[in-house]
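Comments concern the structure below.
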2 protein chains.
Amino acid sequence: MHSKRIYFYTTNTIGKVDKMKLNTKTRYGVRTMIELAMDWGGKGLLQKEISESQGISYKYLDHIISALKARGLIVNVEGKKSGYRLTRNPEEITVYDIYKAFEPELLIVDCLVHDGKCTNERYCASNELWCELNTIIVKYLKSYRLKELADKQMQMNMDSAGSVYVI
Amino acid sequence: MHSKRIYFYTTNTIGKVDKMKLNTKTRYGVRTMIELAMDWGGKGLLQKEISESQGISYKYLDHIISALKARGLIVNVEGKKSGYRLTRNPEEITVYDIYKAFEPELLIVDCLVHDGKCTNERYCASNELWCELNTIIVKYLKSYRLKELADKQMQMNMDSAGSVYVI
DNA sequence: ATTAATCCTATATTTACAGTAGGTTATAAA
DNA sequence: TTTATAACCTACTGTAAATATAGGATTAAT
């Protein structure tokens with residue numbers, strides 16, 4: 001699943017990019033949420049159904065769903081076997097909400113704190129740079145709403161029946 | 001150096017954030033480049049000097065410098081012991097240029113290609129989302145020039161002598 | 001020739017991610 | 001009330017990249 005490393009000095013120095021990479025749980029989480037958003041107002045979806053339509057391992061989906069539930073984003077309609085549904089309107093759920101179900105905080109460098117302000121007393125030009133970038137990313141994820149994603153997906157599902165997720 | 005894991009289900013599911021993180025080499029690379037930018041038009045800086053002023057291990061800096069050289073961003077002024085200097089005006093070097101010295105490409109998810117277009121034939125709403133975010137990040141890094149960083153750093157170094165980098 | 005800076009290879013260590021396995025509990029249906 | 005099935009939870013493993021460090025070879029200045 002992983003591509004070849006690229007080295008300078010024949011070894012070391014430059015590795016395959018694994019940082020600045022979104023984790024799979026967040027990706028899967030978003031896809032799961034899109035699926036549930038498309039069912040918004042419907043009968044609810046079973047883990048099995050989500051697993052099959054999304055091509056995510058049933059067992060692995062356990063963890064995804066657990067995190068989404070723990071974060072209060074989804075819930076069982078009524079007891080088991082009734083399926084899951086969103087707790088809020090997809091319009092009111094941002095991608096950042098979903099991200100936060102899988103990561104404590106988005107910090108592209110460690111010495112930035114929650115609100116995007118730096119903890120260091122001393123001045124550091126690069127810190128300012130990364131801090132700004134961090135803010136931009138979070139702002140984007142907060143601006144993107146689940147509804148938009150579900151709408152796009154639904155539209156395209158109608159246009160070409162049988163389309164498949166790949167991410 | 002690493003903070004505690006946070007678990008749901010008591011184990012697994014959520015790990016310490018290691019994704020969506022800038023790698024240290026890029027961070028060090030930027031700091032190295034700031035240092036050289038502040039010396040722009042000067043006598044050149046030795047690896048030892050950069051190592052000391054930045055608090056980066058001399059040996060580790062080997063790899064940083066190697067990558068920057070391989071990328072053509074820096075060069076020895078003339079032979080050894082003459083010090084390194086930038087090959088271009090800091091005004092013409094973007095942070096993305098530096099990033100590219102350490103990572104083949106910035107791709108927050110694997111199924112995006114260089115120009116920000118998706119490789120998949122099938123439509124995928126989340127792909128579009130990540131693709132846009134990727135573009136935003138790259139755009140920001142391309143817009144930020146080394147000169148700005150060096151200027152800020154120089155200004156603050158003058159304001160408070162003896163300031164120290166932390167990132 | 002000596003010194004020292006650069007240049008290069010190899011290797012160690014850590015640890016989070018990604019994923020699997022195996023089980024218990026709850027609930028709906030038979 | 002038995003059975004089937006879905007949800008729920010814990011534990012564990014394999015892998016691979018990141019983050020270094022060590023040691024030496026090469027080159028150039030003095």
Side-chain angles (χ1 to χ4, degrees), chain A residues 1-29 44-52 55-70 74-85 102-104 109-110, chain B residues 1-29 44-52 55-70 74-84 102-104 110:
Chain A
M1 208 57 130
H2 285 289
S3 47
K4 277 199 298 265
R5 273 173 169 242
I6 296 168
Y7 286 125
F8 292 170
Y9 275 19
T10 64
T11 53
N12 202 358
T13 307
I14 308 298
K16 185 192 163 294
V17 198
D18 219 41
K19 297 293 192 85
M20 280 313 279
K21 212 89 180 174
L22 206 70
N23 64 35
T24 42
K25 282 202 270 296
T26 301
R27 286 192 286 109
Y28 290 178
L45 297 176
L46 298 176
Q47 179 171 329
K48 197 183 167 193
E49 294 175 311
I50 297 167
S51 160
E52 281 167 3
I56 300 169
S57 142
Y58 181 80
K59 276 296 193 182
Y60 197 45
L61 197 55
D62 261 21
H63 301 295
I64 312 297
I65 285 174
S66 155
L68 294 172
K69 282 191 77 172
I74 65 174
V75 78
N76 293 92
V77 180
E78 39 187 30
K80 301 188 174 187
K81 301 204 182 182
S82 62
Y84 296 101
R85 64 169 170 80
F102 300 99
E103 302 289 4
V109 292
D110 282 324
Chain B
M1 207 55 129
H2 285 289
S3 47
K4 276 201 298 268
R5 276 174 167 241
I6 296 168
Y7 287 130
F8 293 170
Y9 273 20
T10 63
T11 54
N12 201 355
T13 308
I14 307 299
K16 190 194 158 293
V17 198
D18 219 44
K19 297 298 190 80
M20 281 312 278
K21 214 86 178 175
L22 206 72
N23 63 36
T24 43
K25 282 204 271 297
T26 301
R27 286 192 286 110
Y28 289 179
L45 298 176
L46 297 176
Q47 179 171 329
K48 197 183 168 194
E49 293 174 311
I50 297 167
S51 159
E52 280 167 4
I56 300 171
S57 142
Y58 182 80
K59 277 296 193 181
Y60 198 45
L61 198 55
D62 260 22
H63 301 292
I64 312 297
I65 285 173
S66 156
L68 293 171
K69 284 192 75 172
I74 66 174
V75 78
N76 293 91
V77 179
E78 38 189 30
K80 301 190 174 188
K81 300 201 183 187
S82 62
Y84 297 101
F102 300 98
E103 302 289 5
D110 282 323

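Side chains included, hydrogens not; waters and symmetry mates left out as well; all remaining heavy atoms used. Letters A, B, ... mirror the listed sequences (proteins, then strands); counts begin at 1.
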According to a strict under-4.0 Å criterion, is B:K69 in side-chain N/O contact with OP1 or OP2 of C:dC7?
yes

Can you confirm whether B:I65 sits close enough to B:Q47 that some side-chain heavy atom of one is under 4.5 Å from a side-chain heavy atom of the other?
yes

Let's test your reading of the model: under 3.5 Å, does the base of C:dC8 pair with the side chain of B:D62 as donor and acceptor?
yes

At under 4.0 Å, does any side-chain N or O of B:K25 touch on OP1 or OP2 of D:dA20?
no

Roughly how many Å is it from OH in B:Y60 to P in C:dT11, rounded to a whole number?
19 Å

Rounded to whole Å, the CE-P distance (A:M20 to C:dC17) equals 15 Å

Side chain of A:Y28 (C-beta onward), nearest among C:dG19, C:dC17, C:dC8:
C:dG19

What is the distance from CD1 of A:I65 to C1' of D:dC8, rounded to the nearest Å?
11 Å

Validation row: B:K21, A:V109 side chains within 4.5 angstrom (heavy atoms):
no

N/O (side chain, B:K19) to phosphate O (OP1/OP2, C:dA18) under 4.0 Å
yes

Would you mind reading off the distance between B:F102 atom CZ and D:dA20 atom P, rounded to a whole angstrom?
13 Å

side-chain contact (heavy atoms from CB on, under 4.5 Å) between B:Y28 and B:L61, worked out
CA-CA 8 Å; B:Y28 289 179; B:L61 198 55; 5.7 Å; no

Contact under 4.0 Å: B:N76 side-chain N or O vs D:dT27 OP1/OP2:
no

Between P on D:dT13 and NE2 on A:H63, what's the gap in Å once rounded to a whole number?
15 Å

Minimum-distance nucleotide (side-chain atoms of A:K81 versus D:dT5, C:dA4, D:dA18)
D:dT5

Side chain of A:L46 (C-beta onward), nearest among C:dC17, C:dT27, D:dA7
D:dA7

Considering every strand and a 4.0 Å limit on heavy-atom distances, what is the contact class for B:Y58: base, sugar-phosphate, or nothing?
base

If you measure only the distance, is there a donor-acceptor pair under 3.5 Å linking the side chains of A:K69 and A:N76?
yes

Closer than 4.0 Å, any side-chain N/O of B:Y84 to the OP1 or OP2 of C:dC7?
yes

In whole angstrom, what separates A:I50's CD1 from D:dA6's C1'?
12 Å

Let me spell it out: for each of B:T24 and A:Q47, pick the nucleotide of DNA chain D with the closest heavy atom. Which residue's pick is nearer the 5' end?
A:Q47

Could you give the CG-to-C1' distance, from B:N23 to D:dA20, as a whole number of Å?
13 Å

With heavy-atom distances below 4.5 Å as the criterion, would you say the side chains of B:K25 and B:Y60 are in contact?
yes

So which one's nearest nucleotide on DNA chain C is more toward 5', A:S57 or A:S82?
A:S57

Could you tell me the separation between the NZ atom of B:K59 and the P atom of C:dT9, rounded to a whole number of Å?
13 Å

